[in-house]
Amino acid sequence: MEQRSDFYSLGIDELNKRYQELQEKYNEYKSQDLKLDMSRGKPCPEQLELSMEMLDVLKSDERLAAVDGSDCRNYGGVDGIPEAKELFSQMLEVSTKEIIIGGNSSLNMMHDTLARAMLFGISEGELPWSELPKIKFLCPSPGYDRHFAICELFNIEMITIEMKHDGPDMDTVEMLVSEDDSIKGIWCVPKYSNPDGITYSDETVDRLASMNPKARDFKIFWDNAYIIHHLTNKPDQLKNILNACKAAGNPNRVYMFSSTSKITFPGSGVAMLASSEENLNFMKKQIAVQTIGPDKINQLRHVRFLKNIDNLKLYMERQAAIIKPKFDLVLDYLESDLGGKNIAVWNKPNGGYFISLNILDGCAKSVVKMAAEIGVTLTNAGATYPYGNDPRDRNIRIAPTFPSINELKIAIDVLCVCVQLVSIKKILDNR
Ligand SMILES: Cc1ncc(COP(=O)(O)O)c(C=O)c1O
């Protein structure tokens with residue numbers, strides 16, 4: 001019998017035989033006392049090595065002055081040093097007046113942006129969102145679990161929106177926002193989305209920029225975490241949403257976020273927020289109360305190391321050279337072990353940090369549990385959906401970057417064994 005054949009076309013005896021073979025393989029792995037982690041999108045040590053020279057670009061015998069002469073060792077410059085604005089505004093394709101360079105985490109900036117909207121409203125004269133009886137956010141899913149965690153923390157009701165091949169289901173988004181003024185925002189990871197690896201189409205960007213929400217203080221939280229994180233030399237193109245919002249007459253609609261977490265050092269990188277000048281001016285007054293200024297030495301170190309946008313792009317090619325083989329390996333395994341069996345579909349991303357695997361309905365939790373029981377940690381099933389609830393219990397997020405190639409081979413093989421075991425069981429139970 002051909003090993004790739006559709007599981008649904010196999011008889012009970014053949015399915016039982018395969019189940020037994022796979023179970024033996026599973027038991028064999030069980031005896032190996034594995035400890036492998038494919039749960040979080042972290043750079044591997046080799047990627048981090050690429051940035052070690054950044055620690056040497058600042059010297060103790062020089063005055064650490066920014067291009068405007070300000071001393072980076074001292075207080076001040078609440079919105080970042082000019083050369084960091086220059087570099088990262090080019091990365092985000094905005095003007096230097098439309099960007100704030102912050103601290104070490106874009107998630108922190110997203111959290112604080114939402115916290116300020118809750119406490120003070122999004123502009124002069126708008127009600128703080130926390131004073132309203134109910135606030136809702138649209139959550140294209142599968143999506144980034146930490147966005148959903150922020151909503152949970154602030155008691156913001158989340159509405160799951162289906163992700164299509166070109167972004168969120170815009171028919172549903174437009175319909176919902178036009179009817180309900182308690183819907184104040186939408187989370188978007190528009191490029192190489194976490195976890196689907198999808199890049200929003202121009203049409204999706206234009207529709208988001210030009211739609212007519214009932215809430216006039218509706219905001220798009222545009223988390224462009226993977227903006228230059230390409231895996232191929234034919235990168236996806238993403239339309240600039242700030243320009244699209246301006247063109248549609250809604251210049252204040254979007255907050256864009258990014259960081260160097262997956263460029264240099266996660267946790268010790270530089271984060272940024274871009275938006276209209278009007279939005280930034282409003283926010284800067286509040287940020288200036290929260291902090292006297294960000295870590296300008298780290299900003300300076302980053303700019304001196306990354307130099308300019310062309311060099312940054314070249315540097316990202318070196319990152320890609322390290323992780324692309326890992327993505328290829330996972331994709332090869334998925335194809336050879338799950339392909340043609342009618343039990344799984346997955347994406348082949350051109351960038352980002354994840355591969356999103358959809359298996360048979362009702363199987364994801366069991367697969368993640370089975371893998372965990374023999375020492376392979378995957379992202380919790382359901383984590384990619386609001387409230388940790390994947391309504392079809394079928395999505396598994398694979399994060400291939402951190403493990404070594406050898407570890408990854410075992411981890412992905414274990415995953416494929418578990419997916420097949422759980423799928424066969426489901427098919428047999430339904431016969
Ligand atoms: C979509 C997305 N946004 C933000 C982050 C975190 O960014 P930062 O380290 O800048 O807080 C991650 C990390 O995995 C991510 O996947």
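Count residues from 1 along the sequence. Bear in mind that the values here come from a model prediction, so they are computed numbers and not experimental data. Atoms considered below: every heavy atom in the structure, side chains included; atoms not considered: hydrogens, waters and symmetry mates. Both ligands and their constituent atoms are indexed starting at 1 by order of listing.
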Item checked: Distance-only N or O hit between ligand 1 and N108, under 3.5 Å -> no
Notebook entry, point to check: Quick one: are the ring centres of Y315 and F305 less than 6.0 Å apart?
Noted result: yes
Item checked: Among M272, K85, M109, side-chain contact (heavy atoms from CB on, under 4.5 Å) partner for I100 -> M109
Next item on the list: Select one of side chain, backbone, both or neither to describe which atoms of D223 lie under 4.0 Å from any atom of ligand 1, heavy atoms only.
Entry: side chain
Next item on the list: Report, in ascending order of atom number, the atoms of ligand 1 lying under 4.0 Å from any heavy atom of A225.
Entry: 1 (C), 2 (C), 3 (N)
Note to self: Regarding ligand 1, does V189 bring an N or O atom to under 3.5 Å of one of the ligand's N or O atoms?
What the structure shows: no
Notebook entry, point to check: To the nearest 0.1 Å, how far is atom 5 (C) of ligand 1 from its closest protein heavy atom, and which atom is that?
Noted result: Y144 OH, 3.3 Å
Item checked: Heavy atoms of other groups near M175 CE, more than 12 under 6.0 Å -> yes
Item checked: Which residue and heavy atom of the protein sit nearest atom 7 (O) of ligand 1, plus the separation -> S106 OG, 3.2 Å
Check: Considering residues, nucleotides and ligands other than Y387, do more than 12 of their heavy atoms fall under 6.0 Å from its OH?
Finding: yes
Checklist line | Counterpart residues, side-chain contact (heavy atoms from CB on, under 4.5 Å), relative to V368 (two or more places apart) | finding: L378, A381, I396
Item checked: Greater than 12 external heavy atoms within 6.0 Å of Q32's CD -> yes
Notebook entry, point to check: What are the atoms of ligand 1, with element, lying closer than 4.0 Å to any heavy atom of K262?
Noted result: 13 (C), 14 (O)
Notebook entry, point to check: Is S261 close to ligand 1, meaning an N/O of one under 3.5 Å from an N/O of the other?
Noted result: yes
Next item on the list: Under 4.0 Å, heavy atoms only, figure out whether ligand 1 is touched by the backbone of S105, its side chain, both or neither.
Entry: both
Note to self: Tell me whether the rings of H147 and W187 are parallel (<30°), tilted (30 to 60°) or perpendicular (>60°).
What the structure shows: parallel
Notebook entry, point to check: Between H111 and F154, what is the ring plane arrangement, given parallel below 30°, perpendicular above 60°, and tilted in between?
Noted result: tilted
Check: Relative to ligand 1, is S259 under 4.0 angstrom through side chain, backbone, both or neither, heavy atoms considered?
Finding: side chain
Notebook entry, point to check: Side chain or backbone of Y226 under 4.0 Å from ligand 1, or both, or neither, by non-hydrogen atoms?
Noted result: side chain
